[in-house]
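Inspection log for the structure reproduced underneath, given as structure tokens.
Quick note on labels: first sequence line is chain A, next is B, and so on, each numbered from 1.
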Amino acid sequence: MDIIKNIQQAAAEGVTALFGQAVQPQDIALTPTRKEFAGDYTIVVFPFTKFVKKSPDAIGQELGEYLKTHLPAVADFNVVKGFLNIVLSDTVWSGFLEEHFAQADYGRHASNGEKVMVEYCSPNTNKPLHLGHVRNILLGESTARILEAAGYDVVRVQIINDRGIAICKSMLAWQKFSGGATPESTGIKSDHFVGDYYVEFEKRFREEYAEWQQGETAGSVYEAQKKEGQSPEQFFKDYKDKYFNEHSALGREASEMLRSWESGDPETVALWKKMNGWVYAGFEETLAAIGASFDKYYYESETYLLGKGMVEKGLAEGVFHKKDDGSVWVNLEDVGMDQKVLLRRDGTSVYITQDLGTARLRYDDFGISRMAYVVADEQNYHFQALFEVLKKLQEPYSGGLYHLAYGMVNLPSGRMKSREGTVVDADDLMAEVIAEARAGSQERGALADLSPEEQESIVRRIGLAALKFHIIKVTPRKSMVFDPTESVDLQGQTGPYIQNAYVRIRSVLRKAEEDGMGGSASQEYAVLQEQEKELIRSLYEFPDLVARAAAEYDPSHIAGYAYNLAKAFHKFYHDHSILRAESEAAKAFRLKLSRMVAQVLQTAMGMIGIEMPEKM
RNA sequence: GGUCCCGUAGCUCAGUUGGAUAGAGCAUCUGCCUUCUAAGCAGACGGUCACAGGUUCGAGUCCUGUCGGGAUCACCA
């Protein structure tokens, strides 16, 4: 039974029968009726005035009559200013509830046999995860879960940037300054431990640079290369990278280490493995705390040479071209872009070459038909180019590529800057929201008779719900302002607000079970309250919403839906008693309704990685 | 400068793909717990949907331009 489709179908037939014009059911504009009018769904009749020489009101009347006589579900209708409001029979809604209230997987779609990959997280290994990664991970994990709910077979992967100058800086600093300290000997979480040495390197480097600026070499470099009217401060700020490459002792050592790694020097590789191992152990802890897990990790140290074969193939097919200096290019001007280099003149790969190879590798590994990359929007251009190149190569999965671009996470004070120490650490952030939830919980005292372990488990769920919901409710595409004090709010439009609706229902259901609840009496409940209908209407729309969130790769739709459903339930709960309903029939009906609301809230929140507590 | 994204209440965000009088939360103020969990409910206050044109029965939504903010335009990743 699909209520909306039935109405559209009947309305389309009605238009044909009454006005002699063929229209497609999906072209019937059907929207939920606004609260101030009577009805469940509204058909906008204005479009029909194009081919019917009657007033919108007259058309509405005729079509309303038609629907009322031809569709049993339609109990009544009214026409207001060209809007045909359709009132459905209460049995439509009570029938729907009876059919679905016990369906545990309601809202989840049957398998569609398609395999899709979601790439997310994808950190560098020189520093711990921060707020930006948190948005990425939450979006990626939610998207993966939503796609699963929509019937896809999902493969979660990340590509870890485990090589390059950054990790060499950490390695060098550790080698020079640690005195053999380890995460174990210091008691510092292992990814933070490695990050600390990266910071140490930067600190020492700045000191070295500042000292150098006082010397003769610096003076002559400044005089020779300064731009007109440029102060020494400004000049040396811009000169930093050049200093690193051309003058710095630390810079030379770090570059040396990178070369040594690239040539496979056993000692360097061993050190690299040791420090990356620390980082991975720390990441795993953080990812486990957030609730994300992966099917496969790809490492840039293993993929950065890939893709050359595909470039050769493209060359052979004439899709790419080689310049006189030996570099290989693709011309993307036909799709409004530039020329992009694919192989350097020395034959080595660039970033995009590696991504071409990695895409192919993944296809070979998993046979996926679609791939979603969760990567910040600063890489929009890169992914546009990557996808176009894969299309030119006619890769079998190239029609199913999607860049889930998300905006920057800013603080109320502005952009996060590591130099100013304003980067919000992922572990700290989680600890903070959980502490806030703990404080709130102790104040309320509702968990006092549970064991400390149970209390802690609940408090974690509440804190993480606040954090996750706060981030996921924002449309991915938009950049967002993250206010730490708001993220720990437990009231209003928040994760805990939704958990609370669930907890209230569970509490009622527990009591009902003690009393022994009457099941079949609900069938006799004939006249529904407006708020009951609203809840069921909302439940009815859930599967479509899941499909839409999957199609648009947008978890914020699920967050918004869960909030609206919880809000509707809170109001219903406030206005109507469940266990002390007017009749046995009403009580049984409301128990079923509440049960299904709880079920759907749990399913929806599960899709965005939020677990529900039984009590709070 | 070229391209892309964003601009909605004091703040943080929705707005079902063009439908009715633009909605929530936070903040401020006011009510509601001897009654199923008050992390709740109700009310008040708060808007030139950045601006100007256009398309049409109808525009926050589509088109053009302007202003403001961000990103990006490497043989870096």
Side-chain angles (χ1 to χ4, degrees), chain A residues 29 31-34 36-37 42 44 46-47 49-50 56 80-83 85 124 161 163-166 300 304 323 325-329 336-338 340-346 348-352 354-355 376-382 384 405 407-408 410 412 415 437 440-441 443-444 446 462 466 470 473-475 477-483 485-487 489-501 503-512 541 544-545 548 552 556-557 559-561 563-564 566-567 569-581 590 594 615-616:
Chain A
T31 57
T33 302
R34 291 179 68 98
E36 55 268 38
F37 302 103
T42 296
V44 186
F46 287 107
T49 59
K50 287 205 172 79
V80 183
K81 296 194 324 193
F83 294 90
N85 301 319
N124 295 341
N161 182 12
R163 59 180 281 273
I165 194 71
E300 293 201 347
Y304 78 110
K323 286 196 179 171
D325 64 6
S327 57
V328 178
W329 296 73
M337 303 177 74
D338 281 335
K340 294 285 289 183
V341 68
L342 298 175
L343 284 183
R344 295 190 184 100
R345 95 185 83 176
D346 63 6
T348 55
S349 308
V350 293
Y351 185 43
I352 195 170
Q354 165 187 314
D355 275 358
D377 63 8
E378 57 197 2
Q379 295 202 37
N380 281 354
Y381 189 81
H382 168 72
Q384 218 182 319
M408 190 99 51
N410 294 311
R415 197 169 170 168
S441 168
E443 201 175 303
R444 291 162 47 84
I462 296 171
H470 188 69
K473 72 175 183 185
V474 181
T475 307
R477 186 177 61 261
K478 289 196 186 184
S479 63
M480 62 177 287
V481 176
F482 183 89
D483 186 338
T485 57
E486 272 180 30
S487 74
D489 271 351
L490 309 174
Q491 279 149 20
Q493 196 175 43
T494 66
Y497 172 94
I498 299 164
Q499 290 177 317
N500 186 231
V503 162
R504 285 177 136 184
I505 295 171
R506 299 300 302 167
S507 179
V508 169
L509 293 180
R510 278 193 300 272
K511 286 206 163 63
E541 284 159 10
D544 280 349
L545 182 96
R548 185 176 155 222
E552 297 179 9
S556 73
H557 291 319
Y561 173 84
Y563 172 70
N564 285 329
K567 188 175 160 66
F569 183 81
H570 275 307
K571 185 169 171 54
F572 164 73
Y573 179 91
H574 179 268
D575 292 349
H576 302 283
S577 185
I578 298 165
L579 295 176
R580 296 176 199 195
R590 286 177 189 165
S594 301
K615 298 177 178 175
M616 67 191 289

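With B/G25, B/A71, B/G15 as the choices, the nucleotide that has an atom nearest any side-chain atom of A/His557 turns out to be B/G15. For A/His570, whose side chain is taken as the heavy atoms from C-beta onward, the closest listed nucleotide among B/G40, B/U21, B/U16 is B/G40. Closest to the side chain of A/Val474, from the set B/C36, B/A14, B/U72, is B/A14. Checking B/U37, B/U16, B/G19 against the side-chain heavy atoms of A/Phe83 singles out B/G19 as nearest. The side chain of A/Val350 sits closest to B/C75 out of B/A20, B/G7, B/C75. Side-chain proximity of A/Leu579 to B/U37, B/U12, B/C36: nearest is B/C36. Distances were taken from every side-chain heavy atom of A/Asn380 (C-beta onward) to each of B/C4, B/G19, B/C41; the shortest belongs to B/C4. Residue A/Ile578 places its side chain closer to B/C36 than to any other of B/U37, B/C36, B/G25. Side-chain proximity of A/Thr475 to the nucleotides B/G15, B/U37, B/A14 is greatest for B/A14. When distances run from any side-chain atom of A/Glu486 to the nucleotides B/C41, B/U12, B/U37, the shortest one goes to B/U12.
Residue-level contact check: A/Val481 touches the backbone only, with heavy atoms under 4.0 Å from sugar-phosphate atoms and none from bases. At a threshold of 4.0 angstrom between heavy atoms, the contacts of A/Lys567 are confined to the sugar-phosphate backbone, with no base atom among them. Heavy atoms of A/Tyr351 sit under 4.0 angstrom from at least one base atom. Contacts of A/Arg477 with the nucleic acid, taken as non-hydrogen atoms under 4.0 Å apart, involve only primed sugar atoms and P, OP1 or OP2. At a threshold of 4.0 angstrom between heavy atoms, the contacts of A/Arg415 are confined to the sugar-phosphate backbone, with no base atom among them. Residue contacts shown for A/Pro47 include a base, since a base heavy atom lies under 4.0 Å away. Contact annotation for A/Asn161: backbone-only contact, meaning every heavy-atom pair under 4.0 Å involves sugar-phosphate atoms and none involves a base. Contact annotation for A/Ser327: base contact, defined as any heavy-atom pair under 4.0 Å involving a base atom. Residue contacts for A/Asn85: at a heavy-atom cut-off of 4.0 Å it reaches a base atom on one of the strands shown. Across all strands, A/Met480 comes closer than 4.0 Å only to sugar-phosphate atoms, never to a base (heavy-atom distances). The residue A/Glu552 sits close to a base: some heavy atom pair falls under 4.0 Å.
In this structure, B/G18 forms no base pair with any nucleotide, since neither Watson-Crick nor G-U wobble geometry is met with both distances under 3.5 Å. With a cut-off of 3.5 Å on both pairing distances, B/G58 has no Watson-Crick or G-U wobble partner at all. Searching all strands for a Watson-Crick or G-U wobble partner of B/C33 with both distances below 3.5 Å returns nothing. Remark: B/U66 base-pairs with B/A50; criterion is Watson-Crick or G-U wobble with both hydrogen-bond distances under 3.5 Å. The partner of B/A71 is B/U3, judged by Watson-Crick or G-U wobble contacts that both fall below 3.5 Å. Within the shown strands, B/U28 is the pairing partner of B/A44 under the Watson-Crick or G-U definition, both distances less than 3.5 Å.
Base orientation for B/C67: anti, the chi torsion being more than 90° from 0. Applying the 90° criterion around 0 to the glycosidic angle, B/U17 comes out syn.
Formation of a donor-acceptor pair under 3.5 Å by the A/Arg590 side chain with backbone atoms of A/Ala581 is not found in this model.
Following rounding to the nearest Å, A/Arg548 (CZ) and B/A14 (P) show an atom-to-atom distance of 12 Å.
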Practice problem: Mind running salt bridge (charged side-chain N to carboxylate O under 4.0 Å, His left out) on A/Arg548 and A/Asp544 for me, showing each step along the way? | Solution: CA-CA 6 Å; A/Arg548 185 176 155 222; A/Asp544 280 349; over 6 Å; no
Evaluate A/Gln379 against A/Tyr351 for side chain to side chain donor-acceptor pair (under 3.5 Å), listing each step before the verdict.
CA-CA 12 Å; A/Gln379 295 202 37; A/Tyr351 185 43; 2.9 Å; yes
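Donor-acceptor pairing under 3.5 Å, judged by distance alone, is present between the side chain of A/Thr42 and the base of B/A20. Side-chain N/O atoms of A/Asp325 and base N/O atoms of B/C75 include a donor-acceptor pair closer than 3.5 Å.
Stacking between A/Phe46 and the base of B/G58 is absent under the criterion of ring centres within 5.5 Å and planes under 30 degrees. Residue-nucleotide stacking is not present for A/Tyr573 and B/G40, judged by a side-chain ring centre under 5.5 Å from the six-membered base ring centre and planes under 30° apart. Both thresholds, 5.5 Å between centres and 30° between ring planes, are not jointly met by A/Tyr563 relative to the base of B/A24, so the two rings are not stacked.
Judged by the 6.0 Å distance and 45° axis criteria, A/Arg163 is positioned over the aromatic ring of A/Tyr304. Taking the ring centre of A/Trp329 as origin, the terminal cationic atom of A/Lys340 falls outside the region bounded by 6.0 Å and 45° from the ring axis.
Ring geometry for A/Tyr497 against A/Tyr563 counts as tilted: the plane angle lies between 30° and 60°, on a 0 to 90° scale.
For the C1' atom pair drawn from B/U37 and B/G70, the interatomic distance equals 44 Å after rounding to whole Å. Taking atom C1' on both B/G40 and B/A59, the two are 38 Å apart, rounded to the nearest angstrom. Taking atom C1' on both nucleotides, B/A9 is separated from B/G23 by 11 Å, rounded to a whole Å.
For the atom pair CG (A/Leu343) and NZ (A/Lys323), the distance works out to 13.5 Å, reported to the nearest 0.5 Å.
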